[in-house]
2 protein chains.
Amino acid sequence: MSTAKPVRKRRKEARPGELLAAALTQFVEKGYAATRLDDVAACAGVSKGTLYLYYASKEALFKAAIQEGIVPVLAENEAIAASHSGSSFSLLEKLLDHWWTRIGCTAFAGIPKLIVAEAQNFPEIAGYYYTNVIARGRALVGAALQRGVSSGEFRQCDIEVTIDVIIAPVLMLLIWEYSLGRCEQQPARHRDYLATHLALLQRGLCVPQV
Amino acid sequence: MSTAKPVRKRRKEARPGELLAAALTQFVEKGYAATRLDDVAACAGVSKGTLYLYYASKEALFKAAIQEGIVPVLAENEAIAASHSGSSFSLLEKLLDHWWTRIGCTAFAGIPKLIVAEAQNFPEIAGYYYTNVIARGRALVGAALQRGVSSGEFRQCDIEVTIDVIIAPVLMLLIWEYSLGRCEQQPARHRDYLATHLALLQRGLCVPQV
DNA sequence: CGGCTTAATGACTATTGGGTCATCAAGCTA
DNA sequence: TAGCTTGATGACCCAATAGTCATTAAGCCG
């Protein structure tokens, strides 16, 4: 029997980040209501009491876990769009690539599933996310579309609706990965999926070259 | 003050269906863990004790609520595909239209969101759903694609990946409706969305007519 | 109408898990 | 090293809720 004495170290700086990472993992995996704070704390290597030293409540922890991460990427994509020169379609490619590199490949990839699952229970968070992520992402794609239509690169289309049709497969990829994707035995082919989406899109959007 | 005496009626036949409908509504709205059986019972107009007369546990109720509804529609779509004559693209249109009529427009439309949210907590249900809904749906779309490629109607493409890219916007539409869609003030334009998806797809998939 | 079967009830139990706080000890400072 | 500040702990409290069961009464049958 090992009477392992609990080595309690004082690491005030590192705690918030570690707790947030642990919380995000647990919330994404189990959902908000089914996540126990004891588990989050254990996952971060501290006790539940310590968790309450840094976050006032379960809901506060939830909000913090969701708000870190994605929002900065929108700003980066806005910068990419602002400085872009080249075809409008290549802008769409760039935006998608950056999104994938900064979100799709990271631990933040689980956030869309979490948002979708909990939006009804947390209207305030849903509103925040809608304004700061969805609306800005839609604006970026919409501007690229408008630019392409104006220049004659893209066909005329219903911009607002097309935005959603373009974004949906990208979001669905992330959501899938954290839900039914776990039922598949074959490894997911993310890059092929995104490439196929873009290829279909290119032929669907672009005016044929003469 | 009305001391409304509770009129308790005996309706053994109607209870299971009413409980299932109430349960589905509540589960879709709040998620599994956050749904209280008292609420489900109240929503169905009975007491919690009555609920346990018909379903052995919360989990049993959950399974029953999910399993009714969607699976029969797959069989219907399989029949549509089997009896189809005409272009492969028009088959895709037919399948989508039937899915929308029988699922997208109904109370079952919330099931995809529920599955996505709870798949990790209920691997058994996720597996059932994957086998009986996802795999069969993919097979249908895959067969239509293969048919189109073989006849020269569609370009060569990676069938397996294209299936997912085609299905994703349709699933995302339903999921959206029960999550962040609630944040939008403008009414959703489902039919335009589906029409745009199909239009992009047609130009993306089909070999141009000479 | 009286008796009987069983659908329906709701008070009750047991457990879970969010949140608190008295206590402990890491590690700095003089 | 003694003393002090404060980061960390985990036993505890209590509200919420899944699940039970003795009791009630709806509605049929003779």
Side-chain angles (χ1 to χ4, degrees), chain A residues 2-27 29-66 114 118 121-122 124-125, chain B residues 2-27 29-66 114 118 121-122 124-125:
Chain A
S2 63
T3 17
K5 73 165 179 223
V7 188
R8 55 162 104 168
K9 285 187 191 137
R10 303 167 66 125
R11 296 171 53 240
K12 186 186 171 115
E13 315 306 323
R15 298 301 186 209
E18 291 171 2
L19 284 165
L20 241 43
L24 185 57
T25 304
Q26 296 278 312
F27 283 138
E29 189 175 326
K30 305 193 222 277
Y32 178 82
T35 293
R36 282 168 296 161
L37 293 187
D38 274 311
D39 288 350
V40 172
C43 188
V46 298
S47 69
K48 192 170 58 172
T50 301
L51 195 161
Y52 276 89
L53 247 42
Y54 296 94
Y55 297 95
S57 66
K58 187 180 185 182
E59 190 170 340
L61 180 66
F62 184 62
K63 289 183 188 178
I66 283 182
L114 187 54
E118 305 294 344
N121 293 327
F122 299 91
E124 187 202 331
I125 295 179
Chain B
S2 63
T3 17
K5 74 163 177 222
V7 187
R8 60 161 104 165
K9 285 188 191 136
R10 302 167 65 122
R11 296 171 53 240
K12 188 189 170 111
E13 314 307 322
R15 296 302 185 209
E18 291 172 3
L19 283 165
L20 241 43
L24 186 57
T25 304
Q26 296 279 313
F27 283 137
E29 189 175 326
K30 306 193 220 277
Y32 178 83
T35 294
R36 283 168 297 159
L37 292 186
D38 272 312
D39 288 350
V40 172
C43 187
V46 299
S47 70
K48 193 170 59 172
T50 301
L51 194 161
Y52 277 89
L53 247 41
Y54 296 94
Y55 297 95
S57 66
K58 188 180 186 182
E59 190 169 339
L61 180 68
F62 185 62
K63 290 184 187 178
I66 282 182
L114 186 54
E118 305 293 346
N121 292 326
F122 299 92
E124 186 201 332
I125 295 178

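Chain identifiers are assigned alphabetically (A, B, ...) following the order of the sequence lines, protein sequences preceding nucleic acid strands; residue numbering begins at 1 within each chain.
Interatomic distance, A:L51 CG to A:L19 CG, rounded to the nearest 0.5 Å: 5.0 Å. Note: A:R15 CZ to A:R10 CZ = 11.0 Å, rounded to the nearest 0.5 Å.
Atom OH in A:Y32 sits about 14 Å away from atom P in C:dG17, given to the nearest Å. The distance between atom CG of B:L53 and atom P of C:dG10, rounded to the nearest whole Å, is 14 Å. As rounded to whole Å, 8 Å separates atom P of D:dT6 from atom NZ of A:K12. Rounded to a whole Å, the CG atom of B:L51 is 14 Å from the P atom of C:dG10. Atom pair B:E59:CD and D:dG19:C1' shows a separation of 14 Å (rounding to whole Å applied). Note: CZ (B:R15) to P (C:dT9) measures 6 Å, nearest angstrom.
Shown here are the side-chain contact (heavy atoms from CB on, under 4.5 Å) partners of B:K63, two or more places apart in sequence or in another chain: B:E59, B:Q67, B:E124, B:I125. Taking the side-chain contact (heavy atoms from CB on, under 4.5 Å) definition, one finds that B:A60 meets it with B:S57, sequence neighbours left out. The salt bridge (Lys or Arg N to Asp or Glu O under 4.0 Å) check on B:E29 picks up nothing, with sequence neighbours excluded. Take A:A21 and apply the side-chain contact (heavy atoms from CB on, under 4.5 Å) test, not counting sequence neighbours, and it matches no residue. Residues forming a ring pair (Phe, Tyr, Trp, His ring centres under 6.0 Å) with A:Y54 (at least two apart in sequence, or on another chain): none. Remark: B:F62 engages B:F27, B:Y32, B:F122 in a ring pair (Phe, Tyr, Trp, His ring centres under 6.0 Å) (not counting sequence neighbours).
Residue B:Y54 places none of its side-chain N or O atoms closer than 4.0 Å to OP1 or OP2 of C:dA7. OP1 or OP2 of C:dT9 has at least one side-chain nitrogen or oxygen of B:T50 nearer than 4.0 Å. In this model, the phosphate group of C:dA8 is not approached by any side-chain N or O of B:Y52 to a distance below 4.0 Å at OP1 or OP2.
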Listed pairs under 3.5 Å, donor-acceptor, residues 35-47 of chain B side chains, sequence neighbours left out:
{"unit_1": "B:T35", "atom_1": "OG1", "unit_2": "B:Q26", "atom_2": "O", "d": "3.2"}
{"unit_1": "B:T35", "atom_1": "OG1", "unit_2": "B:G31", "atom_2": "O", "d": "2.7"}
{"unit_1": "B:R36", "atom_1": "NE", "unit_2": "B:D39", "atom_2": "OD2", "d": "3.4"}
{"unit_1": "B:R36", "atom_1": "NH2", "unit_2": "B:D39", "atom_2": "OD2", "d": "2.9"}
{"unit_1": "B:S47", "atom_1": "OG", "unit_2": "B:T50", "atom_2": "OG1", "d": "3.4"}

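As judged by a 4.0 angstrom heavy-atom cut-off over every strand, A:Y55 is placed among residues making no nucleic acid contact.
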Could you go through nucleotides 13-17 of chain D and list every protein N or O atom that sits under 3.5 Å from one of its N or O atoms, giving the distance for each pair?
{"unit_1": "D:dT17", "atom_1": "OP2", "unit_2": "B:R36", "atom_2": "NH1", "d": "3.4"}

Taking only N/O atoms, report every protein-nucleotides 27-29 of chain D pair under 3.5 Å with atom names and distance.
none

